[in-house]
Amino acid sequence: MSHDSTEPTRTTEASADKKGNETLPAASSGNFIRDIIDEDLRTGKYAGRVATRFPPEPNGYLHIGHAKAVCLNFGIARDYPGGTCNLRFDDTNPTKEEVEYVDSIMEDIRWLGFDWEDRLYYASDYFEQMYRYAIDLIQKGKAYVCELSPDQIREHRGTLTQPGKPSPYRDRPIEENLDLFRRMRAGEFEEGSMVLRAKIDMAAANLNLRDPIMYRIVKASHHRTGDAWCIYPMYDWAHGLEDSIERITHSLCTLEFEDHRPLYDWFLVELGVYRPQQIEFARLALTYTVMSKRKLLQLVQQGLVNGWDDPRMPTLAGLRRRGYTPEAIRDFCDRIGLAKANSVVDVELLEHCLRDDLNRRAPRAMAVLNPLRVIITNYPEGQVEWLTAENNPEDAGMGSRQIPFSRVLYIEQEDFREDPPKKFFRLFPGGEIRLKHAYYITCQNVVKDPDSGRIVELHCTYDPQSRGGWTSDGRKVKGTSHWVSAAHALKAKVRLYDRLFVVPNPGEERDFLQDINPRSLEVLNDCLVEPGLAHVEPSSYYQFLRQGYFCADPVDSRPGAPVFNRTVSLKDTWAKIERAQR
RNA sequence: UGGGGCGUAGCCAAGUGGUAAGGCACCGGGUUUUGGUCCCGGCAUCCGUGGGUUCGAGUCCUACCGCCCCAGCCA
């Protein structure tokens, strides 16, 4: 991550235009949080400091919603002079957290393109300090040990419209609280037998202020502190402290923490310590997917997907394996904006960002997913021509490659129709199309299996004058198909992924599992790809001409036996026309 | 019926009293050896609703309506 101190306060990211001719300042309009930071800088509120943090709990994998927060926090640190962004694991609940998750979170943030440099922190590093703060509050008469059962605590809390009742332990002498709390730490009491509570206001309209729990007894070993502790701080007690200890200036979090803010402030004011400014924003929701960790965990645990990195998952690990690029995800996070209104972003915007990035960068290749055999009857047997194919029409710098052409080829089954519908300008009996980078061919005969009536192969003739896919007579050939040479093609497995859910808002009408798309994965085992794809790098991406963007699966692909995941299809105008014709 | 938020196009989202940016989606048209890309054009007389202030209101006041969050020893 760069911290260019000459950068202006506001984002003025340069971006190349589509043709890469020149760089123009991006129309980055900032957002209400950057407005607040600008104002704080102007008034000198934090002496010119801008310090943010990304504070995940290591209890699951990061998803695209987290990417929004990562880009926000690290993006601010990147754009403001001297700005910093800490990575801090909020590991206050040992029963749900695992090192597998901390490792994956770090990997995902790095992959997204951000760097916390030497600022890696853990809430658990502050346990001793938090404990001392708690002692301090007890000594000030602002916290007490409560022996009510969980049920009783709930009853005493009251309801949304009725005030709570004070705990009978609320006015315990300070010395007794101190003694009990020390013994809680020493492990003298059972789980659930007592908690430390802040003494605030049982009648507060904001339920968070009705003597919230600060510590509970949990006799579980922690992934970092082991068995050093048997009392663990609650999030509400810990979180503001963590931000305070790290001297964060702007604590950015999601909307649901808005009415926790008065509590964080109460703790910090009572303690008399540094107080960051919390600003809330709306979390990201996307159509056709789910984002809650609980639901994602359920999909994984019930085997409805193949792990956290299943290419259908909205996790960063899943998107990465699917073939998404960090650039596309960052662009998406820039484009969705930032506000306080709850919203659901169309997944099409994400897909647009992906296509936009991949269109510029993905090398083109030809792959026939559902092969249909074609014999070029007037092409000499045994002859092979190596034809030149550009690697990317968007970028001449990516060069070209040679592809073999011969008498027996395969084209896409979809590219031939015996009875062509209106506007179908692909191959049909008597029709002529161009084979990309090769020749014009005309369909002369359709060979069918006598029993099933299934089309077995096509007999076509080619025009030797059309080498390269062009003739000088000005003849119009509208359709262009991709193809492979039968003798040279390489067999490949291709996995076609579709949306995991069939409705825009899974779970809205019924249990979200009922909304799962039963056809979210289609595996094609007998695809034929051009020979150059024999030794693709794991995770490398390609545009399979006229079909979509695909990447070599990092886990299952083998030299000579590639496995490709469809990242996203190309936009398909023909499919739209066909749909409209019905 | 308590508290905290939020309502600008199908979906996001600018807009901070001077006459509704931009993107996605969608619909036309052009270019094209990818029905891709690219290019051009269209797409809110109106900003949840009613009233008020003002020469002038999406922006201010007011009343109402709708949606989201909060009663874990989760975060």
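Sequence lines set the chain letters: A, B, ... in the order given, protein chains first and strands last, and positions in each chain run from 1. Not measured: the values here are computed from a predicted model.
Between the CG atom of A/N359 and the P atom of B/rC39 there is a distance of 11 Å, given to the nearest Å. The distance from atom CG of A/D259 to atom C1' of B/rG3 is 7 Å, rounded to the nearest whole Å. In this entry the distance linking CD of A/E508 with P of B/rC67 reads 13 Å, nearest Å. Summarising the geometry, the separation between CG on A/L297 and C1' on B/rC74 is reported as 13 Å, rounded to the nearest angstrom. Rounding to whole angstrom units, CZ of residue A/R294 and P of B/rC74 are separated by 17 Å.
For A/D572 and B/rG35, a side-chain-to-base donor-acceptor distance below 3.5 Å is absent, hydrogens and geometry of angles not being considered. Residue A/R360 places no side-chain atom within donor-acceptor reach of the base of B/rU37, judged by atom type and a 3.5 Å distance cut-off alone. At a cut-off of 3.5 angstrom, counting only N and O atoms as typed in the model, there is no donor on one side facing an acceptor on the other between the side-chain of A/R546 and the base of B/rG35.
Between B/rG72 and A/R154, a contact under 4.0 Å exists linking OP1 or OP2 to a side-chain N or O. OP1 or OP2 of B/rC24 lies within a sub-4.0 Å distance of a side-chain N or O belonging to A/H352. Proximity of A/R216 to the phosphate of B/rA75: a side-chain N or O atom is located under 4.0 Å from OP1 or OP2. Note on A/R197: every side-chain N or O is 4.0 Å or more away from OP1 and OP2 of B/rC73. Not one side-chain nitrogen or oxygen of A/R355 sits closer than 4.0 Å to the OP1 or OP2 atom of B/rU37. Contact check, A/R261 against B/rC69: no side-chain N or O comes under 4.0 Å of OP1 or OP2. When the side-chain nitrogen and oxygen atoms of A/T92 are compared with OP1 and OP2 of B/rA75, one or more of them lie within a distance under 4.0 Å.
Distance from the side chain of A/A339 is smallest for B/rA13 among the nucleotides B/rG35, B/rU37, B/rA13. Across B/rC74, B/rG3, B/rC24, the shortest atom-to-atom separation from the side chain of A/L349 is found for B/rC24. Here B/rG10 is the nucleotide among B/rG10, B/rC68, B/rU34 with the atom lying nearest to any side-chain atom of A/D346.
When heavy atoms are screened at a 4.0 angstrom cut-off, A/M234 is found touching the sugar-phosphate backbone but no base atom. Across all strands, A/Q543 comes closer than 4.0 Å to base atoms (heavy-atom distances). At a threshold of 4.0 angstrom between heavy atoms, the contacts of A/L160 include nucleobase atoms, whether or not backbone atoms are also involved. A/K436 comes within 4.0 angstrom of a base, heavy atoms only. Contact annotation for A/F257: base contact, defined as any heavy-atom pair under 4.0 Å involving a base atom. Residue A/V477 is classed as having no contact, given no heavy-atom separation below 4.0 Å to the nucleic acid. Backbone-only engagement by A/V345 is indicated by non-hydrogen atom pairs under 4.0 Å involving sugar-phosphate atoms exclusively. At the heavy-atom level, A/F425 lies under 4.0 Å from base atoms of the strands shown. Contact annotation for A/H260: base contact, defined as any heavy-atom pair under 4.0 Å involving a base atom. Looking at heavy-atom distances under 4.0 Å, A/L338 makes contact with sugar-phosphate atoms alone, never a base. Here A/I153 lies in heavy-atom contact (under 4.0 Å) with a base. Residue contacts for A/H437: at a heavy-atom cut-off of 4.0 Å it reaches a base atom on one of the strands shown. Here A/S343 lies in heavy-atom contact (under 4.0 Å) with sugar-phosphate atoms only. Residue A/L148 is in base contact, counting any heavy-atom pair closer than 4.0 Å across all strands shown.
Straight-line distance between the C1' atoms of B/rU54 and B/rG58: roughly 16 Å, to the nearest whole Å. The same atom, C1', is picked in B/rA25 and in B/rC12; the two are 11 Å apart, to the nearest Å. Only the P atoms considered, B/rU45 is 29 Å distant from B/rU37, to the nearest whole Å. Spacing between B/rC11 and B/rC43 at atom C1', rounded to whole Å, works out to 14 Å. One C1' atom belongs to B/rC47, the other to B/rC6, and the distance between them is 15 Å to the nearest Å. Across B/rA57 and B/rC46, the matching P atoms stand 14 Å from one another, rounded to whole Å. On the C1' atoms, B/rU8 is 15 Å away from B/rG23, given to the nearest whole Å. Taking the P atoms as reference points, B/rG66 lies 9 Å from B/rU1, given to the whole Å.
Between the side chains of A/N391 and A/R401, a donor-acceptor pair is found at a separation under 3.5 Å. Under the 3.5 Å distance criterion, with hydrogens and angles disregarded, a donor-acceptor pair is assigned to the side chains of A/H482 and A/E412. Defined by atom type and a distance below 3.5 Å, a donor-acceptor pair is missing between the side-chain atoms of A/E57 and A/Y235. Side-chain contact check for A/Y549 and A/Q543: at least one donor-acceptor pair (N or O, by modelled atom type) lies under 3.5 Å. Side chains of A/E280 and A/T254: no donor on one and acceptor on the other come within 3.5 Å. A side-chain N or O of A/D236 and one of A/Y264 form a donor-acceptor pair less than 3.5 Å apart. A donor-acceptor contact under 3.5 angstrom links the side chains of A/S124 and A/D91, judged on distance only.
Ring centroids of A/F181 and A/Y131 are separated by less than 6.0 Å, placing the two rings close together. Ring-centre distance between A/Y122 and A/F89: below the 6.0 Å cut-off. Separation of the A/F550 and A/F544 ring centroids falls under the 6.0 Å cut-off.
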Audit row: A/F281, A/K340, side-chain contact (heavy atoms from CB on, under 4.5 Å) steps and yes/no: CA-CA 5 Å; A/F281 61 91; A/K340 295 193 70 161; 5.6 Å; no
Derivation of the side-chain contact (heavy atoms from CB on, under 4.5 Å) call for A/K68 and A/I336: CA-CA 9 Å; A/K68 176 178 180 180; A/I336 52 178; 3.9 Å; yes
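With a 6.0 Å cutoff to the six-membered ring centre and a 45° limit on the axis angle, A/R499 counts as a cation-pi contact of A/Y288. Cation-pi geometry between A/R216 and A/Y232 is not satisfied (NZ or CZ under 6.0 Å from the ring centre, within 45° of the ring normal).
Heavy-atom nearest nucleotides on RNA chain B were determined for A/S466 and for A/G337, and the one closer to the 5' end corresponds to A/G337. With RNA chain B read from its 5' end, the first of the two nearest nucleotides for A/G192 and A/R364 is the one closest to A/R364.
The aromatic rings of A/H66 and A/H63 sit tilted relative to each other, their planes meeting at an angle between 30° and 60°.
A salt bridge between A/K199 and A/D211 is absent, with no side-chain N of the basic residue lying under 4.0 Å from a carboxylate O of the acidic one.
Of the residues in residues 279-288 of chain A, not one comes within less than 4.0 Å of RNA chain B through any heavy atom.
Base orientation of B/rG72: syn, the glycosidic angle falling within 90° of 0.
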Pair assignment for RNA chain B - dot-bracket with | for other-strand partners, Watson-Crick or G-U under 3.5 Å: .(((((((.[[[..)..(...]]].(((((.......))))).....[[[[[..)....]]]]])))))).....
Can you pull every protein N or O that's under 3.5 Å from an N or O on nucleotides 26-32 of chain B?
unit_1 : atom_1 : unit_2 : atom_2 : d
B/rC26 : OP1    : A/K576 : NZ     : 3.3

